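Structure first, then comments.
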Amino acid sequence: MEGSLLSLAQNTALMLLLITVILGVTVWMPYLIGMLFIMTEVLDVVRIPLQCVRLLTDPCIDFLLDRMWPSCVDFYYLYFEPVLKSTFIFDKVLSLSTYLIDYVSSFIVSPTPTALSDTLNVVTNESNTVTKGVADHCIQSITNIINGTKPFIEQALNRYQQLAIGKTVTDRSICIAVGYIILILVSYWYLSNNTRDNLATAVFGLTAKEAFRHQCIILKVGFYLILELFVLPVLMGFAFSLSTLPLFKDATMTTRFIFAKTHPASFLFLHWFLGTAFTFFLAWLIGFFRQLLRPGVMWFLRDPSDPDFHPIREIAERPLMSKLKKICVSASVCVIFVFTAVATIIYVIRTISPTIFPLRWNLSGFSGKRSPFSVVPIDIILLQVGLPLFIKYYKPSAFIFAVSFHLIKFVSRQLRLTSFLFGRRRVKEEGTLIYHTWSAWIRGVEPERYPAIGSQQNVIGDEVTYITTGQLLRVPSHDNVPFDRLRRMLVPVDPIDLEPINAIERELGHPAATGPGGIEHNTTVVYAPPNIRRRLIFFVIIIWLCFTVMFCSVVLVPIAFGRYLFKDVFKVEEPIHDIYSFSSGIIILTTTASFVRYLYLLYLDIKHQPTWSERKIRLIRHLKKWKRRGIHWTWFITWFGIVIPLAFGTLFQLYVKLPLSSAGKDAAMIDIGAMWSTGFSCMLVGHWFIRAGPPGQAKDTIEAVFRRGIGKMDIRRSFREIIGPLLVVSACGAGLPFLVAYFNMFIGNLKSPELRLQLIQAAYPVTFLGIVTFYLGKIGYSFGRQVSDSIRQDTYLVGQTLHNHEH
């Protein structure tokens, strides 16, 4: 805003030049190279030498087949066949040749039953024509194959050459891809060891070679980023789409392929979006477990927040094939995970409850009709109002974190993995209890005492014996430790001196000790029970099953409950969209569970009081508190949920919708539901502008009224400073233009209903324009006064006006 127009024009021209150069280098030049390569007869390089060779080989082959082959066959029949017939293996050779004819014929061409039987009869009855029939049959079959595939090959070649002059996106994209392939092959030849020290260096020099090598590195990084950010998400999205086919009605693999054929751009974008969202979900899940578990448990997964993690540098430095191998492994693991974690769950749920799927996800109304469930945008209101309130008061993220933490701790205690996963050693998990009797096992008898941590002592009792098992491991203490792929990171150590048990590892040290801080900063010692790998596998499976059950319960149970409400309670015959079923079910079930939990806590609070009088006082206190909250919520819902939205909707109806409607019966029709939803939206937009705007009286008033929440809002101040002024302004805005129009109708003695309606329609926009003109004039007058005062002070009152320069 403060620079010159010349610098702006220069920057704009520079940006346009850079964009043009980038498009020319990355798109136009590969397109030209690919187009020229396709237009040139590249196959002539192979076809012309072959034609030259055929000039020499065809006469030789014709002489062998026409002259030499019949002579060899006649020589065989005259001299060798009588000798073979005299031997006892001739019948076996004949049957073997019959089998070979049938087998070869089945691969070369699919013979008809008649032709095959004729061939067998010829072989069986006329043994002197076996070889000749086989040769003729094979030659004829090969000729038929060549003649059948020749039109297809010619058509494919014609289509390939038409790519260079094609105008579609597919044709030009293939030309660009061919250009990039040519550039990659030329670059590979140019940078190969065979030409590094002779031709390339002599023609271009070392500087050009280095510049070209840098461009190849940029191309390699871009290629890897395309694979990582586009191809892999599309593949995961396609796997996710195939896994969720039972969720949608009439969804099959055929419909997916038809959609991909008819709408390729939408197909790629939707599957890329699904794959990207699923990738972000996996990243969030990994970060979630990093918060729950001990630092260093997931050392094998690189932490993106690590300052030493440079993915672009790693792509540029590592060989391309190793990165491709890594991408292929990652893609395979992700696809297997999608099919295992998503498809298996969906098919198991469909087997258990066949009525829950497919989901009712019809966006066109009831049973394909264009009749919406309600003219009120319930889904938008729930998204804009209900969801923030739900998150604010119920705090689902904190609840999920707490439940997950307690679940993981419980499972880790049962599998004796608390020290390995959380870093806190428990003496009960570092040994095994051996019960002497069934009664002791049933009663869960514990030993009289437990040994000290690290003492490696056994406690023998009458009913139960505690035997120390397992070992200690030195493991990474954080996720950013250096590691060696050829060495193990979980090193067994001696329980006394905490040194590695293996002599080679004791000499080499822990692989993570090479990082900053040494072994004390990068490693820690934890307890590992016997068969720790199996226990970790069981831990992952149990946690996955528990999380799956929790997720399905949170999603499917509210949907089933909402469907029951609409179908059996509200008697809605048509199927309702599952977003309404889920919203109704989750709100009712969560509210009911929260209320039951509060009643339970209330019962415990009252029960813990020592006397009946104190219990009565505590009960009365709770009742008063909920009475106040009920009054406050009723006040808030009545005024801010019903009255003020209706007032705003009435103003919108009068000032916007009424002047734009045609004169007639439709102009006087009022829909309360639509008017309320419009007013509610206007109230939300106004509240957002007030909160996002600069500090002012309206913002301070709202913050003062709702500082302690809706349950403790200041009712009197809300009516005095918010509700009352809004109602007065709404009544004046709705009534004064009507009174002016009615006065004009009375003075003008208008009798026509259409003229009266037109006058009322014109009254509101004229009033609005008058109000806007008044405020614009007021703002202009204030701005003019400020300008005139500034000019007067700078021109005539220099040195006569005192100014405060302290601030």
Side-chain angles (χ1 to χ4, degrees), residues 12-47 149-191 211-239 241 254-276 312 315 320 323-324 327-328 331:
T12 305
L14 180 60
M15 291 298 104
L16 290 177
L17 179 62
L18 289 176
I19 293 173
T20 304
V21 170
I22 291 172
L23 290 177
V25 172
T26 59
V27 178
W28 183 65
M29 290 182 62
Y31 173 72
L32 285 181
I33 295 173
M35 183 180 65
L36 293 175
F37 180 81
I38 293 173
M39 291 179 66
T40 55
E41 292 289 342
V42 182
L43 296 178
D44 288 343
V45 178
V46 181
R47 189 185 299 117
T149 56
K150 186 176 181 180
F152 174 76
I153 295 174
E154 292 179 353
Q155 184 179 2
L157 290 176
N158 293 332
R159 182 67 183 91
Y160 169 74
Q161 293 178 352
Q162 290 176 0
L163 293 173
I165 58 175
K167 301 298 182 181
T168 62
V169 178
T170 304
D171 296 339
R172 295 180 177 178
S173 300
I174 293 175
C175 289
I176 295 173
V178 171
Y180 272 109
I181 292 173
I182 299 301
L183 289 174
I184 292 172
L185 293 178
V186 172
S187 303
Y188 178 77
W189 169 81
Y190 177 69
L191 297 176
F212 198 76
R213 182 175 286 105
H214 292 163
Q215 297 301 321
C216 292
I217 292 174
I218 295 174
L219 183 63
K220 183 176 72 172
V221 172
F223 176 71
Y224 180 80
L225 291 179
I226 290 174
L227 291 179
E228 188 77 18
L229 300 179
F230 181 75
V231 178
L232 184 59
V234 169
L235 181 63
M236 291 182 61
F238 188 70
S241 177
T254 305
T255 58
R256 292 286 190 268
F257 284 113
I258 292 174
F259 177 69
K261 186 177 180 180
T262 54
H263 304 84
S266 302
F267 177 83
L268 289 176
F269 174 75
L270 290 176
H271 286 81
W272 173 84
F273 181 78
L274 281 176
T276 305
I312 303 299
I315 295 172
L320 181 61
K323 299 299 295 183
L324 288 177
I327 290 178
C328 293

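Please read these numbers as outputs of a predicted model, since none were measured by experiment.
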Minimum-distance pair of heavy atoms, taken over all atoms of G237 and L274: CA-CB, 4.1 Å
Heavy-atom pair with the smallest gap, counting every atom of M39 and A164: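 Minimum heavy-atom separation between M39 and A164: CG-CB, 3.2 Å.
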Can you tell me how far the [atom1] atom of [X] sits from the [atom2] atom of [Y], to the nearest 0.5 Å?
X: I33; Y: W28; atom1: CD1; atom2: CH2; value: 10.0 Å
X: L163; Y: M35; atom1: CG; atom2: CE; value: 12.0 Å
X: I38; Y: Q162; atom1: CD1; atom2: CD; value: 11.5 Å
X: L232; Y: I226; atom1: CG; atom2: CD1; value: 13.5 Å

Contacts of type side chain to side chain donor-acceptor pair (under 3.5 Å), residue T168, not counting sequence neighbours: D171
Y31: side chain to side chain donor-acceptor pair (under 3.5 Å) partners, not counting sequence neighbours: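 By the side chain to side chain donor-acceptor pair (under 3.5 Å) rule, Y31 matches no residue at all.
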Side-chain touch F267/F238, heavy atoms, less than 4.5 angstrom: yes
With a cut-off of 3.5 Å and sequence neighbours excluded, list every side-chain donor-acceptor pair involving residues 174-184.
unit_1: Y180; atom_1: OH; unit_2: T26; atom_2: O; d: 2.5

L229 backbone acceptor or donor facing W272 side chain under 3.5 Å: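 Indeed, once roles are kept as given, a pair shorter than 3.5 Å links the two residues.
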